[in-house]
Structure formats: structure tokens, C-alpha cells
**Student:** 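Just passing along the structure, written as C-alpha cells.
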Amino acid sequence: MQLFDVYPLNDITIVKAQGSYVWDDNGVQYLDMYGGHAVISIGHTHPHWVRRIEDQLNKVAFYSNSVHIPIQKELADKLGKVSGKEDYQLFMVSTGAEANENALKLASFHTGRKKIVAFKKSFHGRTSLAVAVTDNPAIVAPVNETDNVIFLPLNDEKALEKCFSTQGSEIAAVIIEGIQGVGGINVAEDAFLQKIRTLCDEHKAVYIADSVQCGYGRSGKFFSHDFAGVNADIYTMAKGMGNGFPVAGILIAPHIKPKHGMLGTTFGGNHLACAAALAVLEVIEKENLIEMAKQRGMYIKNRLKTVDGIDNIRGRGLMIGFDVPPALKDLRKNLLHKHNIFTGEAKPNVIRLLPSLAVNRKQVDEFIEALQEEIAEMKNPQPKEEAVK
Ligand SMILES: Cc1ncc(COP(=O)(O)O)c(C=O)c1O
């Protein structure tokens, strides 16, 4: 049987991973400044995470949500403590799209309304509502098309005010990434998030903070929305939550009340997923990784500023982007194939850095040196030895 060929692949097979490094089937070591797509939070195969999953696997891996699963409550308590949202409620799912799907659905149940405000360059996932609020027509199937979504420019307070003044009574939710990831590392301004909070309060709409990529400590705060000093009504989480174990969830403010049957899923909150998620939070706490993300992020940005040839360095914590000029369009490819360094991208010309929150200075230096060397080489290619002879 063939695999359904939807992913453009690098010709690399990863067989081993540890911390911020991965190895291919030829034994070549790569530095992972991409965190396996922002997923690796505490470092690949962290021993505490491995042990926690193994221990759980030997007890019970899965039983359905029809019985008590005490480890879910244990996770909720720990998450409340680490995120500071202790009075919120946790609903667990398995992927980022599913988290947003449930958040949007819940907002609609809660308000009895249909309209959603989303932003240009947003990415919220590929399930039907999640893709409908994603600003990329190429991945919206005809069946996902809807008139219920209003796209506004990011950080445009006037446009947001106008939208609420004309349609406020119909708006169920505003959904926004604190830092747009796929869209190219665009930071939502604090004042803009504060404006969303105010307008949602005035019009009784739900503020959904998509924290799938910018959450879980990556920005240097637990949720990047925390920089604005406001609380969202629903936070969606995935990627870093399981450090590679598929686990996701939504945090729901206390005023949104549950009803039996309102939401549900088979796999969400299974024993093994909770064990993985607990291990992640325990390591985040023990190794002070949110502060580390802040410090390392500043260090990377300061070092990037000294690199000639890249523009517009931006982001927060360990969610960093910079623009690559057309002359260096192969930079990311060359970093991978010549220097064995994985980075992320955002089309058309952004390199995204999303390393593990535990990335160390030596690894950052390794990356910066390779970046400098590669840019110098691309700007001024050295003749090959044979050619010189
Ligand atoms: C901000 C954001 N939301 C949602 C998603 C979708 O997550 P998943 O691929 O786990 O469905 C992503 C994935 O990249 C994302 O970056």
C-alpha cells in the first residue's frame, strides 16, 4: 500500500533523538532548532518523560471516559498551578485542530451565536471549523466554506471596533494566536489583546486564545497572551503539551458551564496521554524552563542581530522568526543539508526557530556560527578546489 502523499519530504530518516539533537539512519547528528514543529518542549526523549510513560504503560494505557480517570484531575491541578489559571476547567483532546474545533463549538453553545472573528494570516488547524477560521483558501474544502467567519487585519483596533459595533450581537467568539506561527511569527500587540478582552466583555463574546504553538512556556510566559495582562475565556493547547505524545486540551473559564454530552472524544484524556503531559509539566517546573525560554530567546535574538544579511528579527522567547532576502532563498535548505541543522519556515521567506525550551547556549552558538558561515558562503561562494587547480 502507498502512503497518501501529502507531505513534501526531506530525504532524511530520523532514528534516534535526545535533548536538542536527532540522528539519522546513517548516524549523522542534527541540531533541532525546529523542535519537530514546535512540539518538543522539554527535549527529545527526556528521561523523566520516558519513565513516566513507561510506568503508566505497565499499569493501564487506556480506558474510556466512562469511568473515573484520577490522573486527569492530577494533570488539571498541575496545569492550573503551572499556568496560573487555577480556577479554569480542563477538557482534553488529542490534536491542536481538535482543541480549536471544540473551543469554537463551545463558544457557539455558550453564546447561542454563529459568527467568529479571526485574523489575516491565521492558522488554526485543518478540521472543519478550525480550517474555516484559518486564512488560507488553499486548504479550505468547499464543504468547509462558511459565511460565519469574519477575517480582520491583525493588530487593527479600529477594524475590530467597527466589526463589533455593527455585528457585536452575532459574534460568538474572537480566535487569535498570541504569536502567529504558520503566518510568519507575527506578535499580537498587548493593546490589541486588551481591546479584544474589552470588546468581548462588552458584547458577551468569547475570547479564544489559540496557544497551540505559542503556548506552554515557549514565549517566556505560560501563555503568550499573558504578556497583555488579560485572561482569555478559552485557551487551546497542543504541541508542547506532550513533548511529542499526541495530547491536547482546552482550558475553560469558570463562567462557561459544562453539560453532560456537550463535548466528547474517545481518546482525549487517556491515561497514557495524561502521564506524558504530567511529565512535561513536572520537568517545566523542575528545570525552570519558562524562564529558560525567556533568557535563551533573548540570547538568540541578540546574537541574530549581529548576523549580516537577515532582516526583521522578531518573536518572543523561543518562538523567533526572521526574513531571508531573495538572494539567500536556499539558506534553510543549506542549513539542513550542509550544516545538519533543522529550522522551521513560514512561506514565502521566513525562517522560524522553535527549539526545545531546554536548548542551551552552546547549541545556540553552534546554530549562529553555522548561520553566519552559510550566509558568508552564499554571498561570496568560494571556488571549489578542483576549479582552482
Ligand atoms: C496556532 C496553531 N493552531 C492549531 C494548529 C493545529 O494543530 P494540529 O496540527 O495538532 O491539529 C497549529 C499547527 O501547526 C497551530 O500552529
Side-chain angles (χ1 to χ4, degrees), residues 4 6-8 34-41 91-107 116-136 138-141 144 149 151 154 173-188 193 196 207-219 221-225 232 234-251 265 267-269 273 276-277 280 315-321 342-347 350-355:
F4 199 55
V6 288
Y7 300 109
Y34 172 51
H37 205 62
V39 164
I40 300 305
S41 45
F91 176 70
M92 291 186 70
V93 290
S94 309
T95 67
E98 212 188 334
N100 285 328
E101 196 77 21
N102 279 282
L104 291 162
K105 195 171 167 187
L106 184 54
I116 311 286
V117 174
F119 297 95
K120 299 271 187 210
K121 293 198 167 182
S122 61
F123 183 89
H124 299 291
R126 290 166 183 267
T127 58
S128 64
L129 264 177
V131 85
V133 293
T134 288
D135 181 26
N136 180 359
I139 62 168
V140 177
N144 306 133
V149 181
F151 285 101
L154 185 69
V174 177
I175 183 164
I176 181 164
E177 295 157 81
I179 305 169
Q180 289 184 335
V182 175
I185 311 291
N186 307 311
V187 179
L193 298 181
I196 292 176
Y207 171 174
I208 301 173
D210 181 340
S211 303
V212 167
Q213 188 166 150
C214 60
Y216 247 77
R218 176 162 295 284
S219 69
K221 291 203 184 275
F222 193 84
F223 293 117
S224 65
H225 296 253
I234 303 179
Y235 294 88
T236 63
M237 313 163 290
K239 294 196 189 288
M241 187 173 184
N243 195 48
F245 195 98
V247 52
I250 64 179
L251 286 191
T265 158
F267 290 122
V280 168
R316 276 176 164 152
L318 291 172
M319 191 162 173
I320 295 173
F342 278 98
T343 56
E345 72 174 336
K347 297 216 159 30
V350 180
I351 287 189
R352 265 194 290 169
L353 303 179
L354 305 156

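Numbering of ligands and ligand atoms starts at 1, following listing order.
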**Student:** I'd like to know if the side chain of Thr95 reaches the main chain of Glu98, judged simply by a donor and an acceptor atom lying under 3.5 Å from each other, with no hydrogens or angles considered.
**Tutor:** yes
**Student:** Answer with yes or no whether the side chains of Glu101 and Ser128 bring together a donor and an acceptor at under 3.5 Å.
**Tutor:** yes
**Student:** Distance under 4.0 Å, heavy atoms only, partner ligand 1: which residues pass?
**Tutor:** His37, Thr95, Gly96, Ala97, Asn100, Phe123, His124, Gly125, Glu177, Asp210, Val212, Gln213, Lys239
**Student:** Could you pull out all residues at least two apart from Ala238 that satisfy side chain to side chain contact (heavy atoms under 4.5 Å, CB included)?
**Tutor:** Val212, Ala248
**Student:** Under the rule for side chain to side chain contact (heavy atoms under 4.5 Å, CB included), what residues qualify as partners of Lys120, not counting sequence neighbours?
**Tutor:** Asp135, Phe151
**Student:** Any side-chain heavy atom of Ile179 within less than 4.5 Å of one from Ser219?
**Tutor:** yes
**Student:** List in chain and number order the residues that pass ring-ring contact (aromatic ring centres under 6.0 Å, His included) with Tyr235, two or more places apart in sequence or in another chain; answer none if no residue qualifies.
**Tutor:** Tyr88, Phe223
